[in-house]
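A short write-up of the structure that comes next.
All residue numbers in this chain count up from 1 along the given sequence. Computed over heavy atoms, backbone and side chain alike; hydrogens, waters and symmetry mates excluded. Remember, it's 1-based here, ligands and their atoms both numbered in the order they're listed.
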Amino acid sequence: MPTPLMTYLNTILRPGALDELESVLGDDLSPSILAVIDKTAYVHSGACARIEGLLALRRTHVFTDFEPNPKIEDVLRGIMVYKSCAPQIILAIGGGTAIDTAKLISCLAHTDAPINVVQGRDVTPSRQARLIAIPTTAGTGSEATQFAVVYIDGQKYSLDHSTLLPDVAIIDPSLMQSLPPAVTAATGLDALCQAIESIWAVNANDESIEYADQAIELAYGSLAEATRHPTLETRGAMCRASHLAGQAINITRTTACHALSYAITSTHGIPHGIAVAMTLIPVLRFNVAVCDDDCTDPRGAEAVRSRIARLLKSLGALTVDDACDKLQRLLQDIGCPVCLSHAGITSPSAVSEIVQSVNVQRMLNNPRVTTPSILSEILRWTPAIPDSSPDDPEHQHASSLPHHVSHL
Ligand SMILES: [Zn+2]
């Protein structure tokens with residue numbers, strides 16, 4: 001009999017949390033385990049040294065044959081492995097890609113037509129194995145969400161169903177101690193942007209706003225330190241921010257910044273968190289000017305503006321200008337481009353390609369109506385305050401950031 005699925009996410013978040021894996025797996029060594037592992041992250045995070053003995057005692061099968069940003073071919077290969085070992089437990093260890101891949105394998109293995117399910121043409125997904133997520137980055141919050149991204153023929157799909165929510169999340173900040181600054185910055189920006197977008201999202205409710213508020217305060221307060229001079233404390237704060245932001249977008253979904261980001265990542269190779277952050281400031285300026293005539297939130301423009309006022313408070317800002325300056329300084333502090341032109345994306349054709357790629361459905365969750373010309377303006381925005389380019393080697397530019405940090 002498969003283990004019954006839990007109806008809520010059981011989260012263990014603290015330094016040393018990985019030591020709980022043994023009790024989460026239980027004393028019975030007989031259940032078959034499929035471990036979906038990002039090999040590099042597994043070794044570099046120290047997770048391998050801490051749990052390989054534990055897994056060796058159990059009937060563990062390992063799947064590592066996947067690339068950054070989940071592709072359907074990788075998922076289908078994973079499903080073959082799943083079918084060969086019929087696991088009762090799926091263990092996902094890595095960043096957003098590993099966790100999304102594990103979600104997809106576990107929820108598509110029991111259908112004859114996985115591609116149809118992803119494309120919404122067939123039955124809903126189902127899952128029989130228990131899913132345990134162990135993130136090695138703090139950013140995507142994938143361990144707290146019921147969706148997963150997968151690319152089919154270069155096109156991005158997001159499978160969204162309650163069976164994709166992991167049963168257990170084991171979040172151990174000590175696994176992130178060895179993350180390089182560039183990865184910490186890019187993934188942390190994803191958490192910050194997800195939380196900010198969740199605040200103004202049309203689907204925001206009291207619960208999501210509570211999660212997002214806390215996530216913004218934590219991420220804004222800790223990201224620069226976690227990037228430049230990480231301690232276990234700042235890593236822990238970013239883990240909490242990322243997880244809370246995941247819980248927030250699990251309720252609301254994301255908005256314009258995410259909708260615009262996918263082509264920036266897939267066409268220009270900009271890591272996901274940075275691609276999202278590059279439009280954060282102009283989208284904030286755009287959304288705060290919402291009025292009842294162009295508001296997509298049925299609660300009206302005033303409700304959106306009052307949520308944005310909460311966002312300013314979480315950033316410790318008195319005005320929108322102040323908030324934009326703070327966000328710009330943070331991006332510069334951690335060595336990330338503030339806008340597309342800082343990342344070298346300037347040609348009109350590149351901008352129009354990004355605009356054309358936008359998923360209209362996702363844009364409906366933005367609180368203010370957008371048009372292609374508004375989106376072009378957002379993409380062409382450059383800050384009034386000049387970008388600093390310090391000689392400090394810790395200020396790495398996005399172009400030098402590893403592509404694999406993107407989760408999408
Ligand atoms: Zn994201």
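Remark: Y42 engages no residue in a ring pair (Phe, Tyr, Trp, His ring centres under 6.0 Å) (not counting sequence neighbours). For D297, the salt bridge (charged side-chain N to carboxylate O under 4.0 Å, His left out) partners at least two apart in sequence or on another chain are R299, R307.
Residues T145 and K103 bring a donor and an acceptor atom of their side chains to less than 3.5 Å of each other.
Looking only at N/O/S atoms, H258 comes nearest to the Zn ion (ligand 1) through NE2. Closest to the Zn ion (ligand 1) among the N, O or S atoms of D190 is OD1.
The Zn ion (ligand 1) has no N, O or S atom of T254 closer than 2.8 Å. For the Zn ion (ligand 1), the set of nearby N, O or S atoms under 2.8 Å includes none belonging to C193.
Ion pairing of R228 with D333 is absent here, as no side-chain N (NZ or NE/NH1/NH2) approaches a carboxylate O to less than 4.0 Å.
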